[in-house]
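The structure appears below as structure tokens.
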Amino acid sequence: MPLRDTSAQQAATDRTFQVDLRGLVDLLSHHLYSSPRVYLRELMQNAVDALTARHAIEPHGAFGIRLYADGSVVRVEDDGVGLTEDDVHTFLATIGRSSKRAEGIAEQRADFIGQFGIGLLSCFLVADEIHVLSRSARTPDAPAVEWRGRGDGSYTVRTLPASARPRPGTTVTLTPRADAGEWTRPAQVHALARHFGSLLRHPLTYDDGTGESAPVNPEPAPWSRTYPTPGARSRALAAYGEEVFGFTPLDTIELDLPAVGLKGIACVLPEAVPAGRRHGHRVHVKGMLLSEQAEEILPEWAFFVRCVVDAESLRPTASRESLYEDDTLAAVRDALAERLRAWIARAAASDPDLLHRFLQAHHLAVKSLAVHDDEILRMLLPWLPFETTDGHCTLDEFARTHRTVLVTSSVEEFRQVAAIASAAGLGVVNGGYTYDRELVHRLPEIRPEASVADLDPATLTAHLDPVDRETELAAAAYLAQARDALSVFDCDVALRTFQPASAPALLVDSREARHERTRSQLAREQEGGLWGDILGALRQEAPRAQLILNQLNPLVRTAVTIDEPELARTSAEALYGQAAMLSRRPLRPAESSLINRSFLDLLAHALRKDS
């Protein structure tokens, strides 16, 4: 198809996007900013950036920020670099344009908090009109300029005599809407100023309409102050952590990364927290609070601390309520993780009491770290507590008593065998908890003389003493009836002697064995179909459970002499049910039914006998 002659086409016309300012403000309030309260942070942030630019011109000047709120207006005044009339048209009336990215200042990007040029719009979250009065410090002879922006997208600009703003700087005034009182009351403005600006490096004062100004940030950050002794410094940092987070830290860890201008503290939580639960951290950027829930500043395993830090080189996102994920943040996260490792190492080397209290509360966090960190593994594995047949103790203590350490694959398996294994002199560790089995298997890396093996049912039964042949023959009839009664559970029955004598029976049955038997049963039920062929191809010789009766137990010695078939079956079922309950694993419906039935049958037999 031939192309049409473009000369006959109408020339394209360039057009400008139209911005619905009310729609944009609604978008900011619902999707960018977490709360209307950020309006004050944005105003303070613009003031701080203006002061930063002013200091570039007058390095030794004494400049500050003043807040005023009396219930009818909110005003933020700074001694910053100020604006000319051209600046106002360029920066205040153009959405997305930031003075920090113009006139070569982008090269000094790290000196400024804000970079996106949309902060002033946040004021429309609480007011319908923004009044700005400014005078430039770069152009001292330029007149003061007044800008009024309205929520409908219109604005006016006019120049004023120098007397309208005698000193360079900027004053932003808001007349709050009636529905914004929650965020613009004098007490709330003061609270927000302290919340966001307590660590600002510039003087910040507040006037509630009485004419008396009070400092909002009278002291520098606690880690930047000097103290008479190290103990006084430690107590001051702990007190600050308690003030910020609401708990008394187990210890405080100073954080100092000069390469990115980061300083702060990590407060060690005094109590355990659920594994994987990550706390938010307070992150300030150049003194301004960025976020109280910055999870990304530390690795996932460091859930035993909460941090408050102030940094120079971290990049905020557009909302300035979280951190931009980049190489700098990744490097900071790694460096802070190393500081936490170093603190653990110091505690292990020089403060055993602190280490003990720390591990009591946070052993799971340390175990998760030790799995992947060889240095922490070598340093702390001997100190970590485990559940064993000798009670709760460290692997170092346990390995001194038991040259061969056996470890179970589940909590239920440990509970099945703990009492019998302990009586037999076997050293067994519960490997069913998160990380424990993997860590126990790494014990020989720390103690080469120790050996570790998974507990196999055959290992345990091999330590149970057989009964003499005469006793075995006398009990043969009962054992046959018991095997028949328990065949529905794929359970064999054997007679042994073991301690403690108070235990009538031991049920040896692993979760894997039960799964295999269930799969085999399903394959038998699906014979002939495609699903049956698939399961049949996977079928193995299903391992059987084993009920081991204890000949040392008086009840068992009586039971094996029963010659009444029904009573023998019932007693075997009751012994199986009791052993299953002692294993503390979930009972299958058929087992629950068996326990109820055997109890009622034995009760009925006893009542008939008495009558």
Side-chain angles (χ1 to χ4, degrees), residues 38-70 73-84 87 91 99-100 105 108 110-114 119-120 122-123 130-140 142 144-146 162-174 184 186-222 224-225 261 263 284-290 310 312 320:
V38 300
Y39 82 92
L40 188 65
R41 183 197 66 195
E42 296 295 320
L43 289 179
M44 292 165 57
Q45 179 176 285
N46 285 343
V48 169
D49 288 339
L51 291 178
T52 302
R54 179 77 181 271
H55 275 293
I57 302 171
E58 304 173 52
H60 304 294
F63 311 122
I65 306 170
R66 295 165 292 282
L67 305 181
Y68 176 91
D70 63 0
V73 299
V74 175
R75 186 163 60 242
V76 179
E77 181 179 358
D78 67 67
D79 301 319
V81 71
L83 300 169
T84 64
D87 293 336
F91 302 122
S99 63
K100 276 82 77 174
I105 299 178
Q108 306 170 31
D111 293 334
F112 300 94
I113 303 172
L120 197 63
S122 66
C123 295
I130 304 171
H131 176 259
V132 178
L133 181 63
S134 188
R135 184 175 177 185
S136 175
R138 286 199 184 96
T139 312
V145 59
E146 177 189 68
S163 59
R165 173 81 199 196
R167 296 181 301 173
T170 301
T171 301
V172 180
T173 304
L174 309 179
T184 57
Q188 180 70 301
V189 172
H190 187 213
L192 290 177
R194 286 180 55 83
H195 180 71
F196 291 118
S198 62
L199 299 185
L200 286 176
R201 292 82 180 270
H202 303 283
L204 176 64
T205 60
Y206 171 76
D207 181 355
D208 62 359
T210 62
E212 296 184 5
S213 295
V216 174
N217 56 340
E219 294 183 295
S224 299
R225 305 172 201 166
K263 290 187 176 183
H284 298 252
V285 174
K286 302 173 185 69
M288 183 71 72
L289 179 64
L290 181 79
D310 186 20
E312 296 286 340
R320 288 182 284 275

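Along the sequence shown, the residues carry numbers beginning at 1.
Checked by atom type and distance alone, the side chain of S224 never pairs as donor or acceptor with a backbone atom of P220 at under 3.5 Å. Side chain of R135 to backbone of P166: a donor-acceptor contact under 3.5 angstrom is found. Here the side chain of T139 pairs no donor or acceptor atom with the backbone of A142 at under 3.5 angstrom. At least one donor-acceptor pair under 3.5 Å links the side chain of K286 to the backbone N or O of E312. Remark: the backbone N or O of L83 is paired with a side-chain donor or acceptor of S134 at under 3.5 angstrom. The backbone N or O of G169 lies less than 3.5 Å from no partner atom in the side chain of D79, so there is not a single donor-acceptor pair. In this structure a side-chain-to-backbone donor-acceptor pair under 3.5 Å is present from D70 to V73. Side-chain atoms of N217 come within 3.5 Å of backbone atoms of L204 as a donor-acceptor pair (strictly under, hydrogens ignored). Under the 3.5 Å distance criterion, the side-chain polar atoms of D208 are left unmatched by any main-chain donor or acceptor of P186. Side chain of D207 to main chain of Y68: no donor-acceptor pair is present (N/O by atom type, distance under 3.5 Å, no hydrogens or angles).
Counting heavy atoms from C-beta outward, T173 and V74 have side chains that stay 4.5 Å or more apart. Between V172 and H131, every side-chain heavy-atom pair lies at or beyond the 4.5 Å cut-off. Using a 4.5 Å heavy-atom threshold, the side chains of R138 and V81 count as touching.
Note that CG of L51 is 5.0 Å distant from CD1 of I65, once rounded to the nearest 0.5 Å. In this structure, CD1 in I130 is found 7.5 Å from CG in L43, a value given to the nearest 0.5 Å. Between the OG1 atom in T205 and the CD atom in E212 there is a gap of 12.5 Å [rounded to 0.5 Å]. Separating the CD atom in E146 from the CZ atom in R165 is a distance of 13.0 Å, to the nearest 0.5 Å. With rounding to the nearest 0.5 angstrom, the CG atom of L40 is 11.5 Å from the CD atom of Q45. How far OG1 of T171 is from CD of E77: 4.0 Å, rounded to the nearest 0.5 Å.
Annotation for R225: atom CZ counts as buried by contact number, over 12 foreign heavy atoms lying within 6.0 Å.
Heavy-atom minimum distance, L174 versus C123: CD2-CB, 3.8 Å. Shown here for A193 and M44, the closest heavy-atom pair between the two residues is O-CE, 3.9 Å. Nearest heavy-atom pair across R201 and G287 is NE-N, 3.7 Å. For the residue pair A164 and L133, the shortest heavy atom distance occurs at O-CD2, 3.4 Å.
Checking D87 against T84 by side-chain atom types alone, a donor-acceptor pair falls below 3.5 Å.
The distance between the ring centers of H55 and F63 falls below 6.0 angstrom.
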**Request:** For the pair R41 and L192, evaluate side chain to side chain contact (heavy atoms under 4.5 Å, CB included) and give the outcome as yes or no after the intermediate values.
**Result:** CA-CA 8 Å; R41 183 197 66 195; L192 290 177; over 6 Å; no

**Request:** Dump the intermediate steps for side chain to side chain contact (heavy atoms under 4.5 Å, CB included) on L199 and H284, then the final yes or no.
**Result:** CA-CA 8 Å; L199 299 185; H284 298 252; 3.6 Å; yes

